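Read through the structure below, which is laid out as structure tokens, and then see the notes.
Everything quoted here is computed from the prediction, not taken from an experiment.
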Amino acid sequence: MAKSTRLQSRRKWTLGGVGLLLGVGLVTTAGATWIIGANAGSTNNDVSVSVDTVQNKSVKLTTTLSDSKITLGEVNGSSLSHSGIVDFEGGVGDLSITFSEIKIEYGSSYVPEGGHLQLSFELKYGAEHTDNAQNLVKTASLTKAHTEDKTVDSTGADGTADSWTYVDIASPTINVPKSNSDSWVVADEAVNGLHTATGTDIAFNFQWGSFFGGMSPANYYNSKLESGATTEDATNIEKELKAMNEALNGKKLVLTATVSAVAGA
């Protein structure tokens, strides 16, 4: 026979006690009152526990430049699509730099499913980037390519240039591949909770800015003066190229790189 539990024993004792009281009551009829209470001051409840998952959305970007110098000049004779008053000697122009390494360390939840990493590059012109103001031109071109001076401050509220520029960025974004490629190694497994994507020998290009209409100076001036140039035009061109030299020669520009996670392919 199965052994009775404590609860079963208590239930039997309670029923016996009530029966005992009832028996006494039938014998003693002088106004007895019975108080029967079921004491339940505590109870046990099953609680379903749900714990939010942990999402590691941390990211760290480090870069190393092996070539951090650009040379503002015409590249070679074939770059002249317009001939005229401006020519050049030699081929010294070089508007590219090279990142020997770009390393991105990021948490497992940083990139959305199906998404990818993207690098963005800017020449910012806010108050914290005063060096870049050397790249801005507020005076109208003396060759009348620009018809009016810039009269506002050299930088906008969002840090973008509101003046013409000598130099701009050729391509502001680089998409990081999802898997290994010729230039990138993308780790499949996380180390200490972080994934890594490392690019080596990544070329980055600048281009001529809005002051020259995105063209080299020689092509720009020749295209504007196709109908003929005067000695005054030649003097003005000399002034503008000297002004660029004084503004940027031996100076530095600050290139800002930012990494972000982009949804979609």
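Looking at L255 and I169, their side chains come closer than 4.5 Å, going by heavy atoms from C-beta outward. Counting heavy atoms from C-beta on, the side chains of T196 and V191 never come closer than 4.5 Å. You'll find the side chain of L72 stays beyond 4.5 Å of the side chain of F206, heavy atoms only. L253 places a side-chain heavy atom less than 4.5 Å from the side chain of L248. For the pair D94/S96, a side-chain contact is recorded, criterion being any heavy-atom separation below 4.5 Å from C-beta on. Between I237 and L225, some side-chain heavy-atom pair lies under the 4.5 Å cut-off. Using a 4.5 Å heavy-atom cutoff, the side chains of H195 and Y106 are in contact. Residues W184 and I202 form a side-chain contact, since some pair of their non-hydrogen atoms from C-beta on lies under 4.5 Å apart.
Nearest heavy atoms, I104 versus L61: CG1-CD1, 3.8 Å. Across every non-hydrogen atom of I85 and A229, the tightest pair is CD1-CB, 3.5 Å. Nearest heavy-atom pair, A197 versus L117, reported as atom, atom and distance to 0.1 Å: CB-CD1, 4.2 Å. Across V111 and A261, no two heavy atoms sit closer than the pair CA-CB, 4.0 Å.
Atom NE2 of residue H129 and atom CG of residue L123 lie 9.5 Å apart, to the nearest 0.5 angstrom. Rounding to the nearest 0.5 Å places CG of N236 at 7.5 Å from OG1 of T230. The line from CG of L194 to NZ of K60 is 9.5 Å long, rounded to the nearest 0.5 Å. From L80, atom CG reaches atom CG of N222 across 7.0 Å, with rounding to the nearest 0.5 Å. Taking CD1 from I102 and OG1 from T198, the interatomic distance works out to 10.0 Å, rounded to the nearest 0.5 Å. Q118 CD to I174 CD1: the interatomic distance, rounded to the nearest 0.5 Å, is 9.5 Å.
Ring geometry for F121 against F204 counts as tilted: the plane angle lies between 30° and 60°, on a 0 to 90° scale. Y166 and F211 have perpendicular rings, their planes meeting at more than 60° on a 0 to 90° scale where under 30° would count as parallel.
For the residue pair T173 / N175, no side-chain donor-acceptor distance below 3.5 Å is found, with atom types taken as modelled. Between the side chains of Y221 and D233, no donor N or O sits under 3.5 Å from an acceptor N or O.
Side-chain atoms of N132 come within 3.5 Å of backbone N or O of V254 as a donor-acceptor pair.
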